[in-house]
Amino acid sequence: MKKIFFSLFLLMSTQCNAAPENITCKKCHPIIYAEYQNSMHAKASVFKDPVHKAVWDKHPAKAKNNYKCAKCHTPSDHDLISGKSKLEDNKIQQTEPISCQACHTIESIEKHTKINKNKFTKKKKYFFSADSKRKGKKITFKEKHSFFGLMTKTSGSPYHDIDYSNENFYDGGMCLGCHDHKQNGKGFSVCDMQIKKNDSLDNKDTCISCHMPKIKGTFVNLKNTHTHAFHGISIHTINTSLLAKHIKLSLQKTTDGFEVSIENKANHTLFAQPLRLNQLRVNIEREGKTLSLERKNFIRIIGKDGKPAMPWVADSELKNTLIKAHETRTVDYDTPLEKGDTVVIEFGYYLVNPKAAKKLNITDELVTEFIILTRKRVEI
Ligand code: HEC
Ligand code: HEC
Ligand code: HEC
Ligand code: HEC
Ligand code: HEC
């Protein structure tokens, strides 16, 4: 009996340690909560992301269960972060590895060469957010009674304070503790977004305005705000419609054929994650037949001694044809076009380069299929 009681107690205490935080937010922010479930931030752990798992399974630190990826992939598993526990399957890993609070409590970003670091506020129930009309304000919950208490007007959230003065929530700086760059143990850059500051006046886009655009639906139950910032950030669940407009495809005829231009309006290198394979496909539809032209890859291959290698082994760059921030890349084709032709241009990516997928034994369909980000048909 004592034994049963003891193990019950253990079970309860482990569950307590890994108590989800997001459930509280759900009550008042149901739309954002629901959207978040499909985001990669809700699935960034080895238990939810088969690609992250496949790479972790080959990582030398796995033998010692020394999960060094937690700072960015599962910052909300607080016991794991503090070293109190090792990586294990629990509620946080399953449902909110990067919780609402993990983002909304980021006070500042400390810049480092190897990886940047998120500095979180220590204040309880204190969240940062952005609203240009309230910029600079700090809002605590207030109830105003009038008509002898018969009418009540409230402002702020009854559950938490809101701080609108954190610049990182306006310029996208809060994303860069995790997303800017990552070097391996050898000081070699495994992933670098090579972010460019927007200096043109007509392009004011930030990480937040592009990836979390305002869409229909109130952000809170207690008042109708009509719109909310999209929280379903992912390229895995193929919501390409929100982002495709930032990549412009165009075609120009040349003397001996034509050229296709790809304009990247994002302020970062496209598909910098070293597993990705970005590809341009061009087909010509002519008299009921389809002529497929050679596919063009945009890729960064990292390696050692001239051969491709895993990120923790790599010490050099073997190839880099990725499209940089604000770059327009032009690709030449020497196939002459004829009147009546339709040229179909497709620009997209594989989540995992098929060659690497084989090495990692990844067979998941979504991971191995070609995802079209944007497509254009040009009649000649
Ligand atoms: C500095 C923060 C940081 C650390 C530390 C980190 N990662 Fe990541 N990782 C990211 C970010 C951000 C992305 C998303 C990048 C993108 O999509 O461009 C990512 C994406 C990935 C992906 C691609 C996932 C997919 O579904 O396509 C893999 C695989 C991965 N990380 C493996 C690891 C492993 C293994 C470790 C630990 C040994 C690790 N990462 C440590 C930030 C980090
Ligand atoms: C009891 C209801 C309630 C709960 C629970 C709650 N919120 Fe809120 N929250 C509100 C209200 C109401 C507002 C709007 C306040 C205003 O506009 O004056 C708000 C506003 C916010 C904002 C700022 C919105 C803006 O204007 O930019 C953020 C961020 C936020 N909540 C995050 C959270 C997170 C994260 C959780 C869970 C840990 C949470 N909230 C739980 C009621 C709640
Ligand atoms: C606490 C660290 C952290 C913060 C803060 C963060 N991210 Fe992420 N993000 C990640 C990790 C880790 C992944 C990769 C998850 C995976 O694929 O396993 C990711 C994935 C993504 C992806 C999708 C890539 C994919 O593989 O589908 C996008 C887009 C993205 N983040 C954008 C943002 C933006 C924009 C912000 C700021 C508003 C932000 N992130 C803030 C850690 C973070
Ligand atoms: C002008 C719009 C725009 C801006 C600004 C922008 N992005 Fe992107 N981002 C895109 C597009 C387009 C893609 C490619 C389509 C996709 O992956 O869904 C992309 C892809 C990504 C990915 C996925 C890459 C991958 O291979 O997994 C991440 C992560 C990301 N952006 C993070 C950021 C961060 C962090 C910032 C701020 C520094 C930012 N983005 C700013 C448009 C933008
Ligand atoms: C990847 C980081 C990240 C995560 C995770 C995240 N948020 Fe946000 N959230 C932001 C940013 C950045 C903004 C500011 C967007 C803006 O208004 O420009 C924001 C805005 C909001 C707002 C105000 C909405 C609006 O339209 O201005 C609310 C409310 C909110 N978040 C609640 C939540 C809740 C609840 C969760 C968890 C289910 C959550 N957030 C998870 C980054 C995040």
Side-chain angles (χ1 to χ4, degrees), residues 192-196 198-200 202-203 205 210 235 238-303 306-308 316-358 366-380:
D192 192 342
M193 297 282 277
Q194 295 183 300
I195 294 158
K196 263 210 187 126
N198 272 352
D199 30 27
S200 80
D202 58 332
N203 189 350
D205 283 326
C210 281
I235 69 166
I238 324 181
N239 50 28
T240 50
S241 60
L242 284 176
L243 284 160
K245 63 170 182 259
H246 302 296
I247 308 292
K248 275 249 147 44
L249 300 174
S250 56
L251 180 147
Q252 299 87 29
K253 275 201 193 175
T254 57
T255 41
D256 52 358
F258 64 99
E259 56 183 34
V260 170
S261 297
I262 306 152
E263 184 190 354
N264 172 20
K265 294 191 177 175
N267 58 354
H268 57 74
T269 295
L270 274 185
F271 306 106
Q273 219 289 334
L275 286 174
R276 309 274 187 259
L277 172 62
N278 185 194
Q279 201 171 67
L280 177 69
R281 296 181 172 187
V282 176
N283 292 319
I284 301 175
E285 293 172 2
R286 180 179 293 167
E287 289 159 2
K289 288 198 190 112
T290 302
L291 179 68
S292 297
L293 303 187
E294 197 191 335
R295 291 171 182 172
K296 180 85 189 165
N297 292 337
F298 309 99
I299 193 172
R300 176 169 182 257
I301 302 175
I302 55 175
K307 286 200 199 95
S316 51
E317 189 173 271
L318 307 183
K319 187 176 181 180
N320 189 346
T321 53
L322 293 177
I323 304 175
K324 304 271 171 5
H326 301 159
E327 181 188 343
T328 299
R329 182 70 60 89
T330 304
V331 180
D332 285 313
Y333 295 90
D334 55 10
T335 313
L337 295 175
E338 294 169 12
K339 201 156 177 53
D341 283 353
T342 300
V343 184
V344 184
I345 309 166
E346 291 172 339
F347 182 74
Y349 57 94
Y350 291 91
L351 280 172
V352 180
N353 185 339
K355 277 189 198 155
K358 235 188 206 161
L366 175 62
V367 175
T368 51
E369 76 183 288
F370 182 65
I371 300 168
I372 296 168
L373 174 58
T374 180
R375 175 196 266 126
K376 189 174 173 122
R377 290 174 69 87
V378 186
E379 318 273 341
I380 303 302

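This is a predicted model, so every value here is computed, not measured. Numbering of residues begins at 1 and proceeds along the displayed sequence.
- A salt bridge links Glu285 with Arg377: the distance from a Lys NZ or Arg NE/NH1/NH2 to an Asp or Glu carboxylate oxygen falls below 4.0 Å.
- Screening Asp332, Ile345, Leu293, Thr330 against Val260 for a side-chain contact (heavy atoms from CB on, under 4.5 Å) leaves a single residue, Ile345.
- Within the 4.5 Å cutoff, no side-chain heavy atoms of Leu275 are placed close to those of Leu351.
- Relative orientation of the Phe347 and Phe298 rings is tilted, given thresholds of 30° and 60° on the angle between their planes.
- For the pair Lys265/His326, no side-chain contact is recorded, criterion being any heavy-atom separation below 4.5 Å from C-beta on.
- The two atoms that bring Asn264 and Ala266 nearest to each other are OD1-N, 2.9 Å, heavy atoms only.
- Shown here is Asp334, whose CG atom has no more than 12 heavy atoms of other residues, nucleotides or ligands within 6.0 Å.
- Thr368 is not listed as a side-chain neighbour of Tyr350, based on a closest heavy-atom distance of 4.5 Å or more.
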TODO: Using the side-chain contact (heavy atoms from CB on, under 4.5 Å) rule, take Ile302 and Leu318 through it: C-alpha gap first, then chi angles, then the decisive distance, then the call.
DONE: CA-CA 6 Å; Ile302 55 175; Leu318 307 183; over 6 Å; no
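- Separation of atoms CD1 (Ile372) and CD (Gln279) is listed at 10.5 Å; rounding is to 0.5 Å.
- Heavy-atom neighbours of Gln252 CD from other residues, nucleotides or ligands within 6.0 Å: above the threshold of 12.
- Residue Lys324 qualifies as enclosed at atom NZ: its count of foreign heavy atoms under 6.0 Å is above 12.
- Between Pro354 and Leu277 the shortest heavy-atom distance is CD-CD2, 3.9 Å.
- Remark: Glu259 engages no residue in a side-chain hydrogen bond (donor to acceptor under 3.5 Å, both in side chains) (not counting sequence neighbours).
- Residues passing the side-chain hydrogen bond (donor to acceptor under 3.5 Å, both in side chains) test with Arg300 are Glu317, sequence neighbours excluded.
- Contact check for Phe258 versus Val331: no side-chain heavy atoms found under the 4.5 Å cut-off.
- Not a single donor-acceptor pair under 3.5 Å links the side chain of Thr269 to the backbone N or O of Ala272.
- A donor-acceptor distance shorter than 3.5 angstrom exists from the side chain of Asn278 to the backbone of Gly348, with no hydrogens or angles considered.
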Open item on the list: One pair to check against side-chain contact (heavy atoms from CB on, under 4.5 Å): Thr342 and Val378. What are the steps and the verdict?
Closed with: CA-CA 6 Å; Thr342 300; Val378 186; over 6 Å; no
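- Nearest approach of Val352 to Ala357, heavy atoms of both residues: CG1-N, 3.6 Å.
- A salt bridge is defined here as a Lys NZ or Arg NE, NH1 or NH2 lying under 4.0 Å from an Asp or Glu carboxylate O, and Arg329 with Glu327 meets this definition.
- Considering every non-hydrogen atom in both Arg276 and Ile235, the closest pair reads NE-CD1, 3.7 Å.
- Pairing each heavy atom of Pro336 with each of Arg286, the nearest pair is O-NH2, 3.3 Å.
- In this model, no donor atom of one side chain and acceptor atom of the other lie less than 3.5 Å apart for Asn283 and Thr290.
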Open item on the list: If you apply the rule side-chain contact (heavy atoms from CB on, under 4.5 Å), what do you find for Leu337 with Val343, and how did you get there?
Closed with: CA-CA 9 Å; Leu337 295 175; Val343 184; 3.8 Å; yes
TODO: Please lay out, stage by stage, how Thr321 and Asn297 fare under the test side-chain contact (heavy atoms from CB on, under 4.5 Å).
DONE: CA-CA 8 Å; Thr321 53; Asn297 292 337; 5.7 Å; no
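- Legend: residues meeting salt bridge (charged side-chain N to carboxylate O under 4.0 Å, His left out) with Arg281, ordered by chain and number and at least two apart, are absent.
- Considering every non-hydrogen atom in both Asn267 and Asp205, the closest pair reads ND2-O, 4.5 Å.
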